[in-house]
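Written below as structure tokens is the structure these notes are about.
Letters A, B, ... are given to chains in the order of the sequence lines, protein chains preceding strands, and every chain is numbered from 1.
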There are 2 protein chains.
Amino acid sequence: MPDTTRRADRLPGNRYGNRPTMKDVAARAGVGLKTVSRVVNGEPGVTPETERRVQEAIDALGFRRNDSARVLRKGRTASIGLVLEDLADPFYGPLSRAVEEVARAHGALLINGSSAEDPDREQELVLALCARRVDGLVVIPAGDDHRYLEPELKAGVATVFVDRPAGRIDADVVVSDNFGGARDGVAHLIAHGHRRIGFIGDMPHIHTAGERLRGYRAAMEDAGIPVEDAWMSLGVTDPVRVRRAAEQMLADPHPVTAIFTGNNRVTVTVIRVLAEHTRGVALVGFDDIELADLLQPGVTVVAQDAAALGRTAAERLFRQLDGTLLAPDRIELPTRLVTRGSGELPPAD
Amino acid sequence: MPDTTRRADRLPGNRYGNRPTMKDVAARAGVGLKTVSRVVNGEPGVTPETERRVQEAIDALGFRRNDSARVLRKGRTASIGLVLEDLADPFYGPLSRAVEEVARAHGALLINGSSAEDPDREQELVLALCARRVDGLVVIPAGDDHRYLEPELKAGVATVFVDRPAGRIDADVVVSDNFGGARDGVAHLIAHGHRRIGFIGDMPHIHTAGERLRGYRAAMEDAGIPVEDAWMSLGVTDPVRVRRAAEQMLADPHPVTAIFTGNNRVTVTVIRVLAEHTRGVALVGFDDIELADLLQPGVTVVAQDAAALGRTAAERLFRQLDGTLLAPDRIELPTRLVTRGSGELPPAD
DNA sequence: TAGAGCCTGGACAACGTTGTCAGATGCGGG
DNA sequence: CCCGCATCTGACAACGTTGTCCAGGCTCTA
């Protein structure tokens, strides 16, 4: 007597919980395996009557094509990976969403992971994505050495770096004009009469932070203002240390009259500090923040367009996949100075 | 003469761009296929010397295990799917991140997609994830009929709904106490002397919106205040219409003295409207918003813990996968009233 | 030194799908 | 009536991996 227990009657839990396969559908519909495949994929060459029978069996069994097997056979996964720093950061949400929309328009799924700004975790994630054979990768790098990606690039994994350039490999990159944006922001403060301007930002070896610092220095130099060490606080992003740094700048015998902040997290903390001060200290921040216009005063920022970064990168990625893109290139998107009040305060002294 | 062109020398683009396989590694190392598999997976039973040779071949060829094939063979993908409304919404970023962290702790990757609040797109996404044979699904539903998931559930795909319950199927669900939170928020306004209180929220058929509306009504009823139609604006979330709704409530001959807003997007818009008004109108919003404490006045909110929602759901998902979880259940997480000023304003008339 | 037992390595099938190719069927024209 | 052609269908191999199982070589003991 043959094994008459139906698959679903056996113990659950092993192997996808025993899903029906095309073979099962074929048996039930009384057709060949390949015919089912044809129906599932909408290929031509199937009589309406046959198609109906197959469709019926599919519905009855609750069949769902196994894309893992499909991928194995076809070689394209129709999925791309996105590695960013932290999805919970309001800067990355729109970026991720923009990448997703472009992927969707190309019929691809997006798999994303957060590196938590840890180079090892970035590599781990990227390689996990490669093991899943994503067709392409959008990477916001945490590390500064991406030679581990060389085999992948050689193997044809499309790759675009965003927000910061790749380290030690030649790859497409889409960045904001961090240098120019910061320079303009600081120049804006200078134009409003400030000369003692503080800078609080992340470690300069992080590309964006370094560029923004360079922009700060350039603006000061253009105006012929020598920068004092006490005005600069580098490698500081956690609220406690930002607070301390800001308070020190303001407590100095010759306090700064304005502060330029290097990213949204720093900006938020500095806003809190300034809110406790009576003396009006001017502020320009890099990155826009929600509700910035409703604060008193409104917060002047150098805004970058996160969605545009994501969209541009994703589009470039798919052009790589199309084959319509040749040499790696560097694309720089402009920033925009949004004046809302805090950057237009005159020096308090 | 045999074909001596190396795989990598052929046209790129077809089949993962021609990656080396275990077979290639085995050939190069002069060992059997299974031995390579053993080394790659850290299985015992390989001499150090053999292992070294294999590892060398792996590095030389840039071999990376193909997880699609692995999945096909093993039946588990070590990945879970998350379907939410919009990653760009600050409420979902932390939620997604929390799910990711739990997944990571269980060695799983997270694939997420945005439904854009469209039931069809939700279904499309969920089914795409199932086709990829994710081990489990965390779903923030957009639609209200999830019977299409029945075959998946039967097939053993672990599933947890978050933020809103599943429609017409029996599944695990983790939600905030929307009813209680809204009731407390409105009661807070009543306790501060308000009787004419407006409500602006989403369509009541959306579960969260419906529950919050119910909470509003309950608080009013508890206080013996009959609710007037003009105080309620339902199904309104886009800024233009929210603004109009708020302005109407305030322009009424008997204007409301306080407004309860049903979600973060509505709250933000209403804050803008109130900022233009001189008369102090009290406000309590559902969902916390960044910088709410720095506005004048600070914005009192009913905060839900997005990260806790995600974490709880993901943990439950993995308990389903472990088999340590049996019957579907409903978990309700408490909300927290955060008083910051706007909800404590006295009635203006 | 023979035999038992262990350790290492490899041949083979299977996972579920799709591409290839050839067989079957039906139809019209010579 | 037969042949050719078009249309539809199915058998089979292959994708890259892992589980099963067996073979061969080694060590250890009696």
Side-chain angles (χ1 to χ4, degrees), chain A residues 7 10 14-54 57-58 61-78 130-133 155, chain B residues 7 10 14-55 57-58 61-78 128 130-133 135 155-156:
Chain A
R7 308 182 76 191
R10 294 184 215 148
N14 49 341
R15 304 211 50 73
Y16 310 134
N18 299 320
R19 282 174 155 281
T21 72
M22 284 192 178
K23 207 159 135 186
D24 301 326
V25 174
R28 170 154 187 146
V31 301
L33 183 54
K34 180 64 211 210
T35 302
V36 176
S37 170
R38 272 193 271 259
V39 171
V40 170
N41 295 296
E43 290 171 24
V46 181
T47 339
E49 160 61 14
T50 310
E51 173 163 359
R52 195 190 51 74
R53 281 220 316 282
V54 171
I58 288 177
L61 296 174
F63 166 80
R64 208 84 73 193
R65 182 179 63 196
N66 185 331
D67 275 359
S68 291
R70 175 170 222 251
V71 156
L72 179 58
R73 194 58 237 261
K74 300 200 72 129
R76 277 280 165 109
T77 57
C130 288
R132 266 156 227 249
R133 296 297 188 267
Chain B
R7 305 182 79 192
R10 297 187 213 145
N14 49 339
R15 305 211 51 73
Y16 311 133
N18 299 321
R19 281 173 158 282
T21 72
M22 284 193 178
K23 206 158 135 188
D24 301 326
V25 175
R28 172 153 186 146
V31 301
L33 184 53
K34 182 64 214 217
T35 302
V36 177
S37 170
R38 273 195 270 262
V39 172
V40 169
N41 294 296
E43 289 171 26
V46 181
T47 341
E49 160 60 13
T50 309
E51 174 162 359
R52 196 192 49 74
R53 282 220 316 282
V54 171
Q55 197 57 59
I58 288 177
L61 295 173
F63 167 79
R64 208 82 75 193
R65 181 179 62 197
N66 184 333
D67 274 359
S68 291
R70 174 168 222 250
V71 156
L72 181 58
R73 192 60 234 265
K74 301 200 72 129
R76 279 280 165 110
T77 56
C130 288
R132 267 156 227 248
R133 295 296 188 267
D135 298 332

Could you give the angle between the helix axes at the two ends of the helix from C:dT1-D:dA30 to C:dG30-D:dC1, with five pairs per end, rounded to 10 degrees?
-> 60°
So what does [X] touch, heavy atoms closer than 4.0 Å: a base, only the sugar-phosphate, or nothing?
{"X": "A:Val40", "value": "nothing"}
{"X": "A:Arg38", "value": "base"}
{"X": "B:Asn41", "value": "sugar-phosphate"}
{"X": "B:Gly45", "value": "sugar-phosphate"}

For the atom pair CE (A:Met22) and OG1 (A:Thr35), what is the distance rounded to the nearest 0.5 Å?
-> 11.0 Å
Drop me the distance from B:Asp24's CG to B:Leu33's CG, to the nearest 0.5 angstrom.
-> 10.0 Å
Could you check which residues of residues 29-37 of chain B get a heavy atom under 4.0 Å from DNA chain C? Sort them by number, please.
-> B:Val31, B:Gly32, B:Lys34, B:Thr35
Residues forming a salt bridge (charged side-chain N to carboxylate O under 4.0 Å, His left out) with B:Arg65, sequence neighbours excluded |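 Expected list: B:Asp67.
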Does a side-chain N or O from A:Ser68 land closer than 4.0 Å to OP1 or OP2 of C:dG16, or not?
-> no
Residues passing the side-chain hydrogen bond (donor to acceptor under 3.5 Å, both in side chains) test with B:Arg132, sequence neighbours excluded, are none
For A:Arg53, which residues count as a side-chain contact (heavy atoms from CB on, under 4.5 Å) partner, sequence neighbours excluded?
-> A:Val31, A:Glu49
For B:Arg64, side-chain contact (heavy atoms from CB on, under 4.5 Å) partners two or more places apart = A:Leu127, A:Arg133, A:Pro151, A:Glu152, B:Arg19
